[in-house]
Amino acid sequence: GGLEMNITTRPLSTEEAVMLILKSRSPWKEIFFLALFTGLRISDLLDLPYEDCPDMLVISEKKTGKTNPIDFTDLANGYWNSLYKYGKPREFLFPYRDPSSYRKSIQSHCKKLGIDTYRIAFHSLRKSHAVIAYREGGLLQAKSTMNHSSIRVTEKYIETALKFDAGKVYDHIFIEGMKPLQEKK
């Protein structure tokens, strides 16, 4: 819903996202991976069908009404089918219906792993998806994978996401810079 837009959520760094996925257990490992891989909003993820992984899925986005074709790689296929086999048969792939349980879960998983929870929401995985797409293939790649109608929307999205990275760069410079000073004492 509109909740996460009032406060800008930050993307996870690539390292944080990988750690979150690899160190989480089922079903969260698969949930986090599929959210990162598809870049879909939670409202669309909750609609994914409970079935074997398709090679390709055409999503009709709830928020925009636009169609969004998603190709599943072998890796994504493995995560999808693992989530499909998890738990009892159900109507939808994602096992929990309440969107807030996803926000709470990503927060508690990050806390456990020592990932800074500042401005982390489930939507952070969509932002991370955008940043990764941008780094790997540039603005057009990010625009296409996010299914934005205009490059301006993508620019704004990437820009706010990268702002958080800029802050991290300063943290890193100063933490590294302080080390020699502390060793001299």
Determine, using ring centers only, whether Tyr84 and Tyr50 are less than 6.0 Å apart. yes

Quick one: OG1 on Thr154 to CG on Leu140, what's the gap to the nearest 0.5 Å? 8.5 Å

Mind running side-chain contact (heavy atoms from CB on, under 4.5 Å) on Arg126 and Arg41 for me, showing each step along the way? CA-CA 7 Å; Arg126 179 167 161 81; Arg41 298 174 188 89; 3.2 Å; yes

Any sub-3.5 Å donor-acceptor pair from Ser24's side-chain atoms to Ile21's backbone N or O? no

Apply side-chain contact (heavy atoms from CB on, under 4.5 Å) to residues Arg10 and His123 and explain how you reach the verdict. CA-CA 8 Å; Arg10 77 170 178 90; His123 198 74; over 6 Å; no

For Asp74, does the CG atom sit with more than 12 other heavy atoms under 6.0 Å from it, leaving out its own atoms? no

Do Arg97's NZ or CZ and the ring of Phe92 fall within the cation-pi criteria of under 6.0 Å and 45°? yes

Donor-acceptor under 3.5 Å (Arg90 side chain, Leu93 main chain): yes

Under 3.5 Å donor-acceptor, His129 side chain and Leu36 backbone: yes

Identify the two heavy atoms, one from Trp80 and one from Pro49, that lie closest to each other, and give their separation to 0.1 Å. CZ2-O, 3.5 Å

For Lys85, is there an ion pair with Glu30 - N to carboxylate O distance below 4.0 angstrom? no

Shortest non-hydrogen separation from Cys53 to Asn81 and the atoms involved: N-OD1, 2.9 Å

Measure across Arg119 and Thr8 and return the closest heavy-atom pair with its distance rounded to 0.1 Å. CD-O, 2.9 Å

Is it true that atom NZ of Lys156 has more than 12 heavy atoms of other residues, nucleotides or ligands lying nearer than 6.0 Å? no

Hey, is the main chain of Ile120 close enough, under 3.5 Å, to the side chain of Ser124 for a donor-acceptor pair? no

Atom CZ of Phe94 and atom CG of Asp47: how far apart are they, to the nearest 0.5 Å? 11.0 Å

Spatial distance of atom CD (Glu16) from atom SG (Cys110) [nearest 0.5 Å]: 7.0 Å

Between Ile70 and Phe37, the two heavy atoms sitting closest are CG2-CE2, 4.4 Å

Assigning hydrophobic clusters by single linkage (Ile, Leu, Val, Met, Phe, Trp, Tyr; side-chain heavy-atom cutoff under 4.5 Å), is Val18 placed with Leu34? yes

Nearest atoms (heavy-atom pairs only) where Leu113 meets Met19: O-CE, 3.4 Å

Do the numbers put Lys127 on top of the ring of Tyr157, so that NZ or CZ is under 6.0 Å from the six-membered ring centre and no more than 45° off the axis? yes

For Asn147, does its backbone N or O pair with a side-chain atom of Lys66 as donor and acceptor, under 3.5 Å? yes

Polar contact flag, side-chain donor to acceptor under 3.5 angstrom, Ser144-Gln141: no

Does a side-chain N-to-carboxylate-O contact under 4.0 Å join Arg152 and Glu155? yes

Taking atom CG of Asp55 as the centre, report whether more than 12 heavy atoms of other residues, nucleotides or ligands fall under 6.0 Å from it. no

Let's go through Trp28 and Tyr102 carefully: what are the C-alpha distance in whole Å and the side-chain angles of both, what is the deciding distance for ring-ring contact (aromatic ring centres under 6.0 Å, His included) to 0.1 Å, and is it a yes or a no? CA-CA 9 Å; Trp28 292 105; Tyr102 293 88; 5.4 Å; yes

Say whether, by atom type as modelled, one donor and one acceptor occur between the side chain of Ser128 and the main chain of Leu12 under 3.5 angstrom. yes

side-chain contact (heavy atoms from CB on, under 4.5 Å) between Leu48 and Leu57, intermediate numbers included: CA-CA 9 Å; Leu48 293 177; Leu57 190 63; 3.6 Å; yes

Test side-chain contact (heavy atoms from CB on, under 4.5 Å) applied to Ile31 and Phe122, step by step: CA-CA 10 Å; Ile31 288 168; Phe122 196 76; 3.9 Å; yes

Donor-acceptor pair, distance only, cut-off 3.5 Å: does the side chain of His109 make one with the backbone of Ser105? yes

If I compare all heavy atoms of Val58 with all of Thr67, which pair ends up nearest, and what's the gap? CG1-CB, 3.9 Å

